[in-house]
Amino acid sequence: MKKFIDFIKKVGSIMYDLFIASNRWKHLIAGGIVYLAVMVSMSIWTPFDPVTWQCAFGSTIATLIVMLALEYKDKAHGGLFDCKDILAGVTVPIVGDIVIIFLKIFSNPI
């Protein structure tokens, strides 16, 4: 039990350093907002019947492009290019895609 508690403390300290101590939590929120906005717009304005997983993957690609553009902007203005910021911004879309895939797999009866 002590090893498990130590593991939880270690993971908590890593998450604190990655998200709270830096501004990566802002990238996480912005990535989620971009993902949901593109997902909703693709679902609404698709001229044919939208497929959920195609909208999800398209939204993930759009979010990745936005995060890359933000990091390029940081580098162009004298900052550093940080891959962890990109990963933080794409975390919500990747988790969303995994959830949609599992829902798609387990919702269809055989």
Side-chain angles (χ1 to χ4, degrees):
M1 187 67 176
K2 183 175 179 350
K3 289 182 180 181
F4 179 72
I5 292 172
D6 290 340
F7 175 74
I8 295 296
K9 286 181 182 178
K10 185 176 181 181
V11 169
S13 68
I14 290 171
M15 290 302 200
Y16 179 80
D17 289 340
L18 280 177
F19 287 104
I20 306 300
S22 67
N23 68 343
R24 289 190 186 101
W25 62 274
K26 293 178 184 176
H27 289 269
L28 188 76
I29 292 171
I33 291 171
V34 170
Y35 178 72
L36 289 175
V38 174
M39 180 87 131
V40 168
S41 66
M42 285 179 77
S43 298
I44 291 173
W45 291 303
T46 302
F48 51 90
D49 189 27
V51 180
T52 308
W53 62 270
Q54 288 177 344
C55 292
F57 291 148
S59 300
T60 302
I61 299 293
T63 306
L64 178 65
I65 291 169
V66 168
M67 291 298 137
L68 287 168
L70 287 174
E71 286 306 310
Y72 177 74
K73 176 203 57 98
D74 288 345
K75 185 174 172 85
H77 289 106
L80 296 174
F81 190 86
D82 191 6
C83 291
K84 290 179 183 177
D85 287 346
I86 296 171
L87 290 175
V90 184
T91 300
V92 172
I94 290 173
V95 170
D97 288 351
I98 291 170
V99 168
I100 287 172
I101 288 171
F102 277 123
L103 288 175
K104 193 72 173 167
I105 289 172
F106 293 118
S107 68
N108 294 334
I110 295 175

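Since we're looking at a predicted model, the values are computed, not measured.
Of the candidates Val40, Leu36, Val38, Asp97, Ser59 forms a side-chain contact (heavy atoms from CB on, under 4.5 Å) with just one, namely Val38.
Among pairs with a residue in residues 66-79, none fulfils salt bridge (Lys or Arg N to Asp or Glu O under 4.0 Å), at least two apart in sequence or across chains.
Tracing side-chain contacts under 4.5 Å through hydrophobic residues (I, L, V, M, F, W, Y), one reaches Ile98 starting from Ile101; they form part of the same cluster. Residues Phe102 and Ile94 share a single hydrophobic cluster, defined by chaining ILVMFWY side chains whose heavy atoms lie under 4.5 Å apart. In the hydrophobic clustering of this structure, Leu87 does not group with Leu64; members are Ile, Leu, Val, Met, Phe, Trp, Tyr whose side-chain heavy atoms approach within less than 4.5 Å, directly or through other members. Val66 and Ile61 are not part of a single hydrophobic cluster, where members link through side-chain heavy atoms under 4.5 Å apart.
Applying the side chain to side chain contact (heavy atoms under 4.5 Å, CB included) rule to Ile100 yields the partners Tyr35, Met39, Thr52, Trp53, Ala56; only residues at least two apart in sequence or on another chain are considered.
Annotation: Ile44, atom CD1; neighbour count of heavy atoms from other residues, nucleotides and ligands within 6.0 Å is above 12. More than 12 heavy atoms of other residues, nucleotides or ligands lie within 6.0 Å of CZ in Phe81, so this atom counts as buried by the packing criterion.
A distance of 11.5 Å separates CG in Leu68 from CG in Asp85, rounded to the nearest 0.5 Å. A distance of 12.5 Å separates CD1 in Ile65 from CG in Leu70, rounded to the nearest 0.5 Å.
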Check: residues 2-10 side-chain donor-acceptor pairs under 3.5 Å, at least two apart:
{"residue": "Lys2", "atom": "NZ", "partner": "Asp6", "partner atom": "OD2", "Å": "3.3"}

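When all heavy atoms of Gln54 and Met42 are compared, the closest pair comes out as O-CE, 4.1 Å. In plain terms, the two heavy atoms of Gly31 and Pro93 that are nearest each other are O-CG, 4.1 Å.
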